[in-house]
There are 2 protein chains.
Amino acid sequence: MSTDNKKKEGLVPEPSLRRMPTYLAYLKMAKNQNQQFVSSTHIARDMGVDPTQVTKDLSYTSIVGKTRVGYEVEPLINILEEFLGFRTIDEAYLFGAGSLGNALLLDHGLSQFGLKIVAAFDVDANIIGKEIAGVPIYHMDDFHKMQEEKQVNIGILTVPSEYAQKVAHDIVDGGIKGIWNFTPMRIRLGEDVVVQDTSLYAHLAVMFNRMQYLKK
Amino acid sequence: MSTDNKKKEGLVPEPSLRRMPTYLAYLKMAKNQNQQFVSSTHIARDMGVDPTQVTKDLSYTSIVGKTRVGYEVEPLINILEEFLGFRTIDEAYLFGAGSLGNALLLDHGLSQFGLKIVAAFDVDANIIGKEIAGVPIYHMDDFHKMQEEKQVNIGILTVPSEYAQKVAHDIVDGGIKGIWNFTPMRIRLGEDVVVQDTSLYAHLAVMFNRMQYLKK
DNA sequence: TTTTATTAACGAAAATTTTCTTTAAAAGAA
DNA sequence: TTCTTTTAAAGAAAATTTTCGTTAATAAAA
Ligand SMILES: NC(=O)c1ccc[n+]([C@@H]2O[C@H](COP(=O)([O-])OP(=O)(O)OC[C@H]3O[C@@H](n4cnc5c(N)ncnc54)[C@H](O)[C@@H]3O)[C@@H](O)[C@H]2O)c1
Ligand SMILES: NC(=O)c1ccc[n+]([C@@H]2O[C@H](COP(=O)([O-])OP(=O)(O)OC[C@H]3O[C@@H](n4cnc5c(N)ncnc54)[C@H](O)[C@@H]3O)[C@@H](O)[C@H]2O)c1
């Protein structure tokens, strides 16, 4: 009797996934320096992590290393990018074109990582109808209509915290399957939606806490 | 023989620290709704997490709950903010006033979480001498001189990835003790510096990966 | 050719984090 | 008052993640 109760069975560990983009950044630098191979030993030394952790992390992808040589840089970059979903561009809507939303709209970097913001939604009459970095800003009320024409899966949530839950619920209703949540609020949604919390304040909290131990 | 080899002994777990700001956001909302008490059960239900995890996380602070009642909202907010270092304002320098750097400069929110950016440094002649949100932008070369007058501990790193290691090394030389690193690069520094990596791409990678399992 | 050194891969062990279980306290109902 | 229900707290167990140890492959040196 297979207890396939949808627990995280065989999922790639989240810590590994989080480390992979840092390997990618390292590898791109190695490529720029015309290195053809890198070993886990070198990656680990340069990045200040454990070499077996590098090997284990990379083993979740399809790359195979060569004993006494390491990994071939260019294929590894390609495989990692493919594995992480940075190669296929996903379209996204941005909800809340305020301070942080603007920054994300202005960022050229995101498209290199597989994300393209195709429209923004807000409720502030002063900005609706305008464009930021070529991305049009619509009223929230137009969201459902837009979704009928153009099915977009990903929503970037940068509204004020107090509206996070409401807006999240609303956009999932409209067919959004993945929410990149920048508010410090946890949002509660069904099992069929992925919510990725990215609270900058969480990182600040960790930094402050760890710094306390230095000061002594 | 005490093996006090500076391993993480008795440190507050990083996952707990990361969750704490989300409790704070929840509590502030509860306060706005004039709730005087909240129980871990309610927090957990509303936030979609495990109730004992809430209790355990909060137990790292000095708060004590009341059986059959829960925690008093206002003291808990105060204690959490104090515990997380959000109450005492730390000054910070920003390095790299580009796209992301600008967003952080324009953000009013940060000061509510204990961080105040007092100056920015860059190498782009077009922006040096200007101000963004009242924060002056200086040339990198002026950093060491500035540090002599005004000791600042925290550096926010938003330079292009390829300069991350170099700039990090340089600012630690000038006395920076904590680096909030927004580049996707891991940087290698001595034991007496705290580096907090905040790579947005890491979060994207996790989101894309988890979304794959929905699509099936 | 033989030896030595380096490294990927794999499984085991250790450490960490989360979840479960139990206990005791106390508010509210009977 | 006594009983029932809710909840914090503390410790145990389970799950997850990291680190360690071993093996086999192979490039380079002798
Ligand atoms: N600004 C930052 O750098 C920063 C950093 C970390 C976290 N955050 C978090 O990100 C969120 C947004 O922060 P911000 O500084 O950009 O705030 P902001 O006030 O500048 O922007 C919020 C935007 O959302 C819009 N909005 C309000 N209600 C809406 C609704 N129902 N639907 C659609 N849009 C709506 C507002 O009109 C505004 O344009 C907050 O939760 C904040 O805590 C921001
Ligand atoms: N823009 C984003 O939203 C975003 C998102 C995630 C991660 N990042 C990362 O943040 C970093 C910066 O991104 P960005 O988009 O702001 O880049 P950007 O090019 O817009 O800004 C970088 C700034 O750093 C300055 N700079 C360059 N060399 C410097 C030096 N030696 N000392 C001081 N300043 C220097 C540049 O003049 C520029 O103003 C990158 O590593 C990027 O990957 C950015």
Side-chain angles (χ1 to χ4, degrees), chain A residues 3 5-20 22-23 27 30 35-73 75-76 79-80 186 197 202 206 209-210, chain B residues 3 5-20 22-23 27 30 35-73 75-76 79-80 186 197 202 206 209-210:
Chain A
T3 53
N5 53 0
K6 210 170 6 142
K7 280 282 162 210
K8 16 176 162 172
E9 261 185 78
L11 288 196
V12 181
E14 194 167 315
S16 296
L17 286 173
R18 282 203 297 251
R19 282 188 293 268
M20 285 183 191
T22 70
Y23 300 139
L27 290 163
Q35 286 183 254
Q36 211 195 331
F37 287 91
V38 285
S39 72
S40 62
T41 323
H42 287 129
I43 299 178
R45 180 165 26 70
D46 292 349
M47 290 179 45
V49 296
D50 191 90
T52 57
Q53 188 169 69
V54 175
T55 312
K56 190 148 278 182
D57 287 342
L58 296 182
S59 77
Y60 293 109
T61 71
S62 59
I63 192 80
V64 276
K66 232 177 167 176
T67 303
R68 251 219 80 146
V69 173
Y71 304 91
E72 214 179 332
V73 172
L76 182 48
I79 285 174
L80 261 180
R186 272 291 165 122
D197 295 321
V206 176
N209 182 271
R210 298 318 188 210
Chain B
T3 52
N5 53 1
K6 218 183 340 161
K7 279 286 162 208
K8 16 176 163 171
E9 261 184 80
L11 288 196
V12 181
E14 196 168 315
S16 296
L17 287 172
R18 283 203 297 250
R19 282 189 294 266
M20 287 184 189
T22 69
Y23 300 140
L27 290 164
Q35 287 183 252
Q36 211 194 331
F37 287 92
V38 285
S39 72
S40 61
T41 323
H42 286 128
I43 300 177
R45 179 163 29 68
D46 292 349
M47 292 180 42
V49 297
D50 190 272
T52 58
Q53 187 168 68
V54 176
T55 312
K56 191 148 280 182
D57 286 342
L58 295 183
S59 76
Y60 293 110
T61 73
S62 59
I63 192 82
V64 276
K66 233 177 166 178
T67 301
R68 251 219 80 146
V69 173
Y71 305 91
E72 215 181 329
V73 173
L76 183 47
I79 285 175
L80 260 181
R186 275 288 166 120
D197 295 319
V206 176
N209 182 271
R210 299 316 190 212

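In the text below, chain A, chain B and the rest are named by the order of the sequence lines, each starting its count at 1.
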**Student:** Quick one: Gln53(B) CD to dA9(D) C1', roughly how many Å, whole number?
**Tutor:**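 Atom-to-atom, Gln53(B) to dA9(D), this comes out as 16 Å.
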**Student:** Does the side chain of Ser40(A) get closer than 4.0 angstrom to OP1 or OP2 of dT7(C) through an N or O atom?
**Tutor:**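 So the side chain of Ser40(A) is outside the cut-off, no N or O lying under 4.0 Å from OP1 or OP2 of dT7(C).
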**Student:** Whole angstroms only, please: what is the CG-P distance between Asp57(A) and dT19(D)?
**Tutor:**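 The answer, rounded to whole Å, is 10 Å.
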**Student:** Expressed as a whole number of angstroms, how long is the span from Glu72(A):CD to dA8(C):P?
**Tutor:**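 So the CD-P distance, Glu72(A) to dA8(C), works out to 14 Å.
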**Student:** Do Val73(A) and Gln36(A) have side-chain heavy atoms sitting under 4.5 Å apart?
**Tutor:**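 They are not in contact (no side-chain heavy atoms under 4.5 Å apart), so the answer is no.
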**Student:** Would you mind reading off the distance between Leu58(B) atom CG and dA10(D) atom P, rounded to a whole angstrom?
**Tutor:**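 Value for this atom pair: 13 Å.
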**Student:** Rounded to whole angstrom units, what separation is found between the CG atom of Leu17(B) and the C1' atom of dT18(C)?
**Tutor:**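 After rounding, the reported distance stands at 16 Å.
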**Student:** Do the side-chain N or O atoms of Tyr71(A) get closer than 4.0 angstrom to the phosphate oxygens (OP1, OP2) of dA9(C)?
**Tutor:**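 Yes, Tyr71(A) has a side-chain N/O under 4.0 Å of OP1/OP2 on dA9(C).
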**Student:** Rounded to the nearest angstrom, tell me the gap between atom CG in Leu11(B) and atom C1' in dT17(C).
**Tutor:**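 From Leu11(B) CG to dT17(C) C1': 14 Å.
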**Student:** Lys66(A) near the nucleic acid: base, sugar-phosphate alone, or nothing, with a heavy-atom cut-off under 4.0 Å?
**Tutor:**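 Sugar-phosphate, backbone atoms only, no base.
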**Student:** Do Arg210(A) and Leu17(B) come within less than 4.5 Å of each other through their side chains, counting heavy atoms only?
**Tutor:**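 The answer is yes, as the side chains (C-beta and beyond) meet within the 4.5 Å cut-off.
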**Student:** Does Lys56(A) or Val69(B) map to a spot on DNA chain D nearer the 5' end, using the closest nucleotide for each?
**Tutor:**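 Here Val69(B) is the residue nearer the 5' end.
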**Student:** Rounded to whole Å, please give me the gap between CG in Leu76(A) and C1' in dT7(C).
**Tutor:**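 Interatomic distance, CG of Leu76(A) to C1' of dT7(C): 15 Å.
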**Student:** Would you kindly give the CG-to-P distance between Asp50(A) and dC10(C), to the nearest whole Å?
**Tutor:**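 Distance check: Asp50(A) CG to dC10(C) P gives 17 Å.
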**Student:** Determine the contact category for Thr41(B): base if any of its heavy atoms lies under 4.0 Å from a base atom, sugar-phosphate if only primed atoms, P, OP1 or OP2 are that close, otherwise nothing.
**Tutor:**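 Sugar-phosphate contact only - Thr41(B) comes under 4.0 Å of backbone atoms but never of a base.
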**Student:** Taking the side chain as everything from C-beta on, heavy atoms only, tell me whether Met20(A) gets closer than 4.5 Å to Val12(A).
**Tutor:**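 In short, these two side chains touch, coming nearer than 4.5 Å.
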**Student:** Would you please test Tyr71(B) and Ile79(B) for side chain to side chain contact (heavy atoms under 4.5 Å, CB included) and show each step?
**Tutor:** CA-CA 11 Å; Tyr71(B) 305 91; Ile79(B) 285 175; over 6 Å; no
**Student:** Under 4.0 Å between a side-chain N or O of Thr67(A) and OP1 or OP2 of dA24(D)?
**Tutor:**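 Negative; the distance criterion is not met.
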**Student:** Counting just side-chain N and O atoms, does Arg18(A) come under 4.0 Å of either OP1 or OP2 of dT17(D)?
**Tutor:**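 No, because none of the side-chain N or O atoms of Arg18(A) sits under 4.0 Å from OP1 or OP2 of dT17(D).
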**Student:** Do His42(B) and Gln35(B) have side chains that get closer than 4.5 Å, going by heavy atoms?
**Tutor:**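 His42(B) vs Gln35(B): side chains apart.
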**Student:** Choose from dT19(C), dT19(D), dT18(C) the nucleotide whose nearest atom is closest to any side-chain atom of Thr52(B).
**Tutor:**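 From the listed options, dT19(C) comes nearest.
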**Student:** Want to settle it: does Pro15(A) or Arg68(A) sit nearer the 5' end of DNA chain D, counting the closest nucleotide to each?
**Tutor:**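 Nearest nucleotide further toward 5': that of Pro15(A).
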